[in-house]
There are 4 protein chains.
Amino acid sequence: MNTSGRFFRVTTFGESHGPAIGAVVDGCPSGISLSASDIQPFLDRRKPGGPLSSPRAESDEVEILSGVFEGLTAGTPIALLIRNRDVRSGDYEALRDVFRPGHADYSYLQKYGLRDHRGGGRSSGRETAARVAAGAVAVRVLGGFGISVSGSVLSVRGVSDPGRFEEEVAAARARGDSVGGIVEVRAAGVPAGLGSPVFGKLDAAIAGAMMGIGAVKGVEIGEGFGAARLYGSENNDGMDRTGFLSNHAGGVLGGISTGQEIVVRLAVKPTPSIALLQRTVDTAGAEREISIGGRHDPCIAFRLVPVAEAMLALVLVDAALEERAYGGCVPE
Amino acid sequence: MNTSGRFFRVTTFGESHGPAIGAVVDGCPSGISLSASDIQPFLDRRKPGGPLSSPRAESDEVEILSGVFEGLTAGTPIALLIRNRDVRSGDYEALRDVFRPGHADYSYLQKYGLRDHRGGGRSSGRETAARVAAGAVAVRVLGGFGISVSGSVLSVRGVSDPGRFEEEVAAARARGDSVGGIVEVRAAGVPAGLGSPVFGKLDAAIAGAMMGIGAVKGVEIGEGFGAARLYGSENNDGMDRTGFLSNHAGGVLGGISTGQEIVVRLAVKPTPSIALLQRTVDTAGAEREISIGGRHDPCIAFRLVPVAEAMLALVLVDAALEERAYGGCVPE
Amino acid sequence: MNTSGRFFRVTTFGESHGPAIGAVVDGCPSGISLSASDIQPFLDRRKPGGPLSSPRAESDEVEILSGVFEGLTAGTPIALLIRNRDVRSGDYEALRDVFRPGHADYSYLQKYGLRDHRGGGRSSGRETAARVAAGAVAVRVLGGFGISVSGSVLSVRGVSDPGRFEEEVAAARARGDSVGGIVEVRAAGVPAGLGSPVFGKLDAAIAGAMMGIGAVKGVEIGEGFGAARLYGSENNDGMDRTGFLSNHAGGVLGGISTGQEIVVRLAVKPTPSIALLQRTVDTAGAEREISIGGRHDPCIAFRLVPVAEAMLALVLVDAALEERAYGGCVPE
Amino acid sequence: MNTSGRFFRVTTFGESHGPAIGAVVDGCPSGISLSASDIQPFLDRRKPGGPLSSPRAESDEVEILSGVFEGLTAGTPIALLIRNRDVRSGDYEALRDVFRPGHADYSYLQKYGLRDHRGGGRSSGRETAARVAAGAVAVRVLGGFGISVSGSVLSVRGVSDPGRFEEEVAAARARGDSVGGIVEVRAAGVPAGLGSPVFGKLDAAIAGAMMGIGAVKGVEIGEGFGAARLYGSENNDGMDRTGFLSNHAGGVLGGISTGQEIVVRLAVKPTPSIALLQRTVDTAGAEREISIGGRHDPCIAFRLVPVAEAMLALVLVDAALEERAYGGCVPE
């Protein structure tokens with residue numbers, strides 16, 4: 001299932017080392033100005049580069065194939081294409097028959113009976129570039145609703161001082177290892193009323209969208225896991241005539257937005273590709289020890305921020321369009 | 001949106017103090033023996049009762065209205081009906097115009113322009129009885145796949161010694177307060193290959209399903225938030241010829257099950273209904289102080305266990321049916 | 001798949017001789033006044049009775065189980081229940097193992113491995129009562145958009161003089177046979193802009209909805225099959241400043257409504273249950289000759305009219321809600 | 001809504017004179033051999049060319065962007081790209097503000113507030129090349145099930161002698177007019193049991209798919225509209241030990257395939273683009289007379305055959321995958 005959303009439907013396609021990756025956005029309202037230059041900056045933020053990330057050099061240039069007429073969205077599907085350029089598939093030849101620990105190699109082979117071993121194929125983080133491109137379109141639409149999203153890394157390997165992030169990552173890289181971290185994304189300007197009980201709850205959609213990002217192993221909203229240690233009298237958000245007095249709820253009650261800021265945190269596991277020797281097996285069942293070279297981010301949390309923002313944007317635009325369908329009801 | 005699933009579709013309906021609640025299960029394979037007595041024990045486990053829960057007395061008797069013929073599922077929709085009996089709507093009259101902190105009162109009114117104030121209406125935890133009934137059907141189907149689910153409370157207000165749970169809850173109740181907790185659910189016997197990238201990932205579906213349970217504010221799988229504090233060398237699950245050497249992944253890699261146990265934990269917030277005075281406002285915007293009487297569980301984590309099991313079962317049966325559609329492929 | 005629609009989702013359940021049939025309507029906007037008395041007249045029109053139909057006596061009383069609060073729709077699922085009363089399952093015992101020609105007996109058994117032989121089980125026309133009940137809710141919503149639907153029988157066995165319909169039906173019944181007919185349904189007040197290319201076209205949705213009614217074997221819109229015999233210069237609908245000069249299109253161009261009347265015709269096959277002897281086989285493969293007694297309409301076209309209206313209403317309300325989601329676009 | 005299917009999901013994109021058209025096929029089983037050369041012949045059959053069609057010269061070369069690894073489908077989305085080459089948008093400049101009769105110009109503008117006037121934009125028949133490409137993939141999968149589809153033109157302007165088709169078309173073209181026709185498509189090798197009542201019926205899905213092809217105004221299955229003129233004793237398909245004695249049903253009973261051949265006929269309207277003068281209005285409401293030049297097929301029925309085959313293949317593969325999910329049930 002490669003389509004997300006019910007109203008703003010995004011279908012992504014593509015493998016890490018195939019000809020191209022891309023997305024088709026179906027359900028974008030017409031009349032919104034859109035060009036490749038609206039999307040490119042989002043892709044640039046996700047791109048490898050900088051001391052904290054992988055040296056794979058992808059220009060990630062996006063081409064809009066359809067759905068835009070004379071600079072405006074036409075109400076028809078917007079196809080976005082990103083050609084893969086810096087494809088060194090040979091790097092992966094040695095891994096053709098080996099299951100890399102922490103990767104989807106084993107599960108993909110079990111499911112499909114074959115797998116594209118080149119850079120993880122479809123399971124590669126590269127696929128998220130297509131999500132980011134689609135998310136950029138969502139951000140344009142959300143702008144019309146007055147909604148914005150933003151994200152940041154909260155901690156790396158438990159260290160929450162941003163001044164020490166680079167140091168933590170460098171240390172891990174130096175020893176051939178990698179580190180996990182916590183990412184936070186927020187949405188401001190979200191009106192009350194988005195989300196639809198009981199199986200279309202806004203927080204459920206957010207949780208599903210976030211857990212669907214590779215490397216994410218946990219999601220919490222508002223007080224999150226902290227709420228499990230509180231009394232009701234501490235966790236409830238009281239109100240006075242100016243509105244809510246706190247935001248332990250993280251902007252969602254009963255699955256519907258309250259008008260407060262949406263606050264989401266993600267647990268990001270350490271990048272599974274590490275140079276340190278690991279025990280594994282190959283497809284014939286023989287035991288192997290592998291060291292994974294190639295070009296990998298020692299802490300994926302940083303590049304995951306724009307992906308999490310994109311997914312939050314996709315969920316919100318979906319909910320906003322749904323609310324337009326039903327809200328402010330039908331006259332009789 | 002009141003339907004979950006794509007293959008095993010469950011639509012629930014009903015309000016806490018309306019005539020009835022129920023579910024329609026569409027997509028259950030035919031030929032499975034099923035009667036009300038297969039479902040009733042699941043409802044009984046969810047029912048109020050015992051020192052840790054609310055005194056509302058609902059028999060929660062389920063009637064199968066359709067989809068079963070001579071004791072076997074017929075492949076047609078299975079409608080499950082539970083009449084509401086112990087409905088003391090008068091208890092809620094005083095709350096008709098007041099927003100209870102931590103409840104969906106405010107967000108529902110913003111969304112729909114009106115709300116059923118009696119026991120929370122549709123946002124009541126009572127709706128989960130319908131999910132549990134549908135989940136019981138899912139459990140029957142999963143049995144045919146050799147899959148089972150189970151759950152338990154891991155901690156209450158941070159206390160993880162089960163011997164102290166009752167004490168914690170009693171203390172909170174005594175002071176008119178409530179407490180949160182952590183619930184864990186697991187699935188055993190899950191074959192490798194369930195879940196479908198990139199927007200139908202098994203872990204994403206689980207996260208969405210769990211966060212869609214009222215009171216849940218966080219979800220984690222396997223190592224979860226702990227993974228954010230680890231090195232890759234600690235978090236990766238190596239393999240030898242006997243299989244995986246650990247299960248930090250919680251049974252899912254790349255959104256696809258690995259054949260290991262699925263391990264999920266939920267953060268459950270403290271019950272928002274508390275007797276302690278809280279500040280709030282009414283629908284006219286006037287400030288109010290309220291104490292919520294009525295019949296409420298001081299710690300909802302316990303009754304949430306069968307609900308979380310039901311949701312996990314629903315996700316798994318959906319994924320198992322999907323895998324049947326595509327797996328072990330088409331001959332040419 | 002027992003759910004229709006994407007925005008106004010209707011799930012029906014129930015077998016002809018089971019405890020009950022019903023529908024859950026999910027996606028009805030809130031704030032619309034609704035009671036059982038709004039639905040009952042639609043069910044009464046579909047009910048058996050009168051010289052042209054079957055003598056099965058069902059009161060078809062509908063109960064609203066949820067989704068309505070103090071007389072107004074609450075935005076939550078509206079569950080509608082109709083108990084089966086006049087169930088003479090014994091009538092069908094002789095048919096337990098025989099495939100009735102023209103019925104779904106054979107195909108259901110092939111698909112499900114078992115079948116409810118009592119009155120056709122799920123494949124019975126009785127299921128359409130649930131659609132009609134849901135359609136009545138759709139009609140309430142459409143009223144708010146200024147849209148209305150109506151239908152009639154155009155011809156019986158090729159005879160298009162309504163004065164001769166009763167005669168045709170009586171003659172068929174007298175010889176133990178049945179007759180087919182043509183039904184037309186129309187929608188007035190449909191604004192331009194409903195329907196969404198290329199796989200959500202309004203005419204495609206209508207065709208699917210109509211062909212999904214048992215006994216319907218053909219659907220045409222506007223000029224329909226007649227268009228296949230015309231020149232473009234005859235079939236095109238010109239325009240002048242007052243609008244369209246004709247309506248060969250039947251109110252839909254490119255899958256989107258034009259603002260003209262929607263005109264749909266259905267070919268209804270003769271009722272397959274006939275008293276005349278027919279050749280068939282039983283489940284053991286033995287050849288049999290059967291005469292089908294019981295209570296059957298010799299011409300199902302008449303009772304199909306409210307069903308076709310209901311289905312048209314369901315399609316239109318779905319499209320109208322969709323258009324609310326996207327139309328009149330987002331400000332920037 | 002630009003996605004068809006629930007199991008074998010096809011999303012098409014692209015406008016007639018934009019950079020490209022294409023399709024993403026999601027839900028294709030893995031392990032099926034596939035290359036561009038499997039798809040190209042289907043596109044070639046749909047291409048303009050020959051005495052009965054338009055002179056627009058499109059090579060319609062398809063590129064597979066993803067989803068195929070070393071010659072086999074990988075279980076991941078298969079993106080198919082067809083660049084538009086012979087784009088003479090200037091031909092359409094004169095039509096920028098005029099509503100062409102019989103086209104979607106008026107309805108698109110009403111819906112979206114803007115429209116791509118170049119060759120009809122998204123509403124162009126050119127979009128069907130993407131469906132045909134996706135249909136070719138479906139045909140590959142159906143081959144594994146032993147199912148094949150075929151189609152032909154049955155009549156042109158009521159004339160059913162194929163020897164006179166070219167004459168009819170030439171005569172219409174000579175006078176600047178166009179003609180309609182009837183197309184028939186059939187599927188052989190369909191096992192009993194495909195289709196799922198009551199809103200996923202096979203015949204309903206076929207009807208929706210066919211009516212969703214531009215220019216189709218009517219769909220009938222088996223006896224179709226003819227059944228409306230028959231007695232039940234004539235229309236029922238009896239059985240003996242060798243199987244069905246006739247196929248008035250067209251291979252579907254109760255929405256489920258019977259194992260007989262699927263027989264579908266479509267009414268195709270005359271091409272709306274004609275050279276003869278027509279009355280219309282422009283976007284400012286002024287009355288206009290237009291003659292439509294450019295490159296158009298005087299009878300679209302011929303090029304519609306492979307499109308109808310493609311759509312039938314898409315419906316059947318969807319139903320076949322669904323049946324794999326549920327059929328031959330779960331052991332207990």
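A note on names: the letters A, B, ... follow the listed sequences, proteins ahead of strands, and every chain is numbered from 1. Computed from a predicted model, the values in this text were never measured in an experiment.
For Arg175(C), the part lying near chain D is the side chain, with the backbone staying farther off; criterion is any non-hydrogen pair under 4.5 Å. Heavy-atom distances place the backbone of Thr3(C), and not its side chain, under 4.5 Å from chain D. Interface remark: Val268(C) contributes backbone atoms only to the contact with chain D (heavy atom separation under 4.5 Å).
Atoms CG and CZ, from Leu266(D) and Phe225(C) in turn, are 7.0 Å apart once rounded to the nearest 0.5 Å. For the atom pair CG (Asn235(D)) and NZ (Lys217(C)), the distance works out to 8.0 Å, reported to the nearest 0.5 Å. Rounding to the nearest 0.5 angstrom, the gap separating the CD1 atom in Ile256(C) from the OH atom in Tyr108(D) is 5.0 Å.
With hydrogens and angles ignored, the 3.5 Å screen pairs no side-chain donor or acceptor of Gln110(C) with any backbone N or O of Gly193(D).
In this structure, Arg9(D) places its CZ atom where more than 12 heavy-atom neighbours from other residues, nucleotides or ligands lie under 6.0 Å away.
Among all heavy-atom pairs drawn from Arg131(D) and Lys201(C), the shortest one is NH2-NZ, 4.3 Å. When all heavy atoms of Phe199(D) and Thr12(C) are compared, the closest pair comes out as CE1-CG2, 3.9 Å.
When ring centroids are compared, Tyr112(D) and Tyr326(C) stay outside the 6.0 Å threshold.
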Could you walk me through whether His103(D) and Leu253(C) satisfy the side chain to side chain contact (heavy atoms under 4.5 Å, CB included) test, starting with their C-alpha distance in whole Å, then the side-chain angles of each, then the deciding distance to 0.1 Å, before giving a yes or no?
CA-CA 6 Å; His103(D) 278 286; Leu253(C) 281 171; over 6 Å; no

Worked check of side chain to side chain contact (heavy atoms under 4.5 Å, CB included) between Arg279(D) and Asp240(C)
CA-CA 7 Å; Arg279(D) 298 178 61 186; Asp240(C) 70 11; 3.7 Å; yes

